[in-house]
Amino acid sequence: MITITHDEVDAGALIRAAQTPEMGALVTFVGVVRDDDGLEAMELETYEEAAYEELAAIRDEALERYAVTSVEIVHRVGRLQVGDTILVIVVGAGHRKEAFPACEYVIDRLKQTVPIWKKEYRPGGEKWVAGEATGKRVD
């Protein structure tokens with residue numbers, strides 16, 4: 001499942017939906033808006049069509065590179081408050097040794113290539129924040 005949504009994300013529901021009897025490991029990454037030096041909120045925007053394509057490519061890369069059986073990615077957009085879930089990645093595999101590096105690969109690649117932009121809201125004003133994206137594929 002690849003989803004981009006304005007709605008809250010239920011990580012528990014995603015984990016339960018991803019689970020199959022042959023999986024011995026479900027590694028989950030949950031990204032959350034943190035209270036960082038007075039951050040009040042953030043706005044996430046995306047070029048949705050390109051983001052879906054890139055997320056699907058990253059999922060496919062993870063499935064090819066690692067012995068995992070599923071990769072689920074749900075990313076939120078819109079205005080988020082401190083404590084809100086931004087992103088959930090669930091990677092399923094027979095064993096944890098395959099699932100952990102695959103999950104890390106997915107989050108690292110996502111930050112490098114998926115067109116999602118962040119604006120931060122602080123007491124002194126608002127500003128767009130540069131991400132880690134290079135615009136180039138890194139293998």
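- There is a path of hydrophobic side-chain contacts, each under 4.5 Å, that joins I73 to L44.
- With hydrogens and angles ignored, the 3.5 Å screen pairs no side-chain donor or acceptor of T3 with any backbone N or O of V74.
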Hey, mind stepping through M42 and V33 against side-chain contact (heavy atoms from CB on, under 4.5 Å) and telling me if it holds?
CA-CA 8 Å; M42 70 172 53; V33 179; 4.0 Å; yes
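- When all heavy atoms of E61 and R109 are compared, the closest pair comes out as OE1-NE, 3.0 Å.
- Within 6.0 Å of CZ in R79 there are more than 12 heavy atoms belonging to other residues, nucleotides or ligands.
- Residues V30 and A11 approach most closely at CG2-CB, 4.1 Å, considering heavy atoms.
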Using the side-chain contact (heavy atoms from CB on, under 4.5 Å) rule, take L110 and L87 through it: C-alpha gap first, then chi angles, then the decisive distance, then the call.
CA-CA 10 Å; L110 187 153; L87 166 71; 3.9 Å; yes
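- For residues 16-44, the set of pairs meeting the ring-ring contact (aromatic ring centres under 6.0 Å, His included) definition, not counting sequence neighbours, is empty.
- Under the 4.5 Å side-chain contact rule for hydrophobic residues, I116 and V88 do not share a cluster.
- Follow the hydrophobic side-chain contacts under 4.5 Å out from Y47 and you never reach V77; the two are in separate clusters.
- Listed by first and then second residue, the salt bridge (charged side-chain N to carboxylate O under 4.0 Å, His left out) pairs that reach into residues 16-25 come to none, sequence neighbours excluded.
- Contact record, A18 with M23: O-CE, 3.2 Å, taken as the closest heavy-atom pair.
- The two residues W128 and E43 have their closest heavy-atom pair at CZ3-O, 4.5 Å.
- Scanning for ring pair (Phe, Tyr, Trp, His ring centres under 6.0 Å) contacts around Y121 gives an empty result, with sequence neighbours left out.
- Side-chain contact check for L55 versus I4: some heavy-atom pair is nearer than 4.5 Å.
- Under a cut-off of 6.0 angstrom, the local environment of CD in E104 is sparse, with at most 12 non-hydrogen atoms contributed by other residues, nucleotides or ligands.
- Tested against C103, the residues V90, V71, V91, D108 include a single side-chain contact (heavy atoms from CB on, under 4.5 Å) partner, V91.
- If you chain together hydrophobic residues whose side chains sit under 4.5 Å apart, V9 and L26 fall into the same group.
- Between I58 and the choices V114, I107, I2, I89, the side-chain contact (heavy atoms from CB on, under 4.5 Å) rule is met once, by V114.
- Between D35 and V82, the shortest heavy-atom contact is N-CG1, 3.7 Å.
- Neither V27 nor I86 shares a network with the other; the hydrophobic side chains, linked directly or stepwise wherever heavy atoms of I, L, V, M, F, W or Y lie under 4.5 Å apart, form separate groups for each.
- Note that CG of D84 and CZ of R34 are 14.5 Å apart. Values are rounded to the nearest 0.5 Å.
- Heavy atoms from other residues, nucleotides or ligands lying under 6.0 Å from NZ of K127 number 12 at most.
- Shown here is R122, whose CZ atom has more than 12 heavy atoms of other residues, nucleotides or ligands within 6.0 Å.
- Atom-to-atom distance recorded for Q81:CD and E40:CD is 9.0 Å, nearest 0.5 angstrom.
- The two residues E98 and A93 come nearest to each other via the heavy atoms CB-CB, 4.2 Å.
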Might you work through the side-chain contact (heavy atoms from CB on, under 4.5 Å) test for K119 and V129, ending with a clear yes or no?
CA-CA 6 Å; K119 182 189 279 186; V129 178; over 6 Å; no
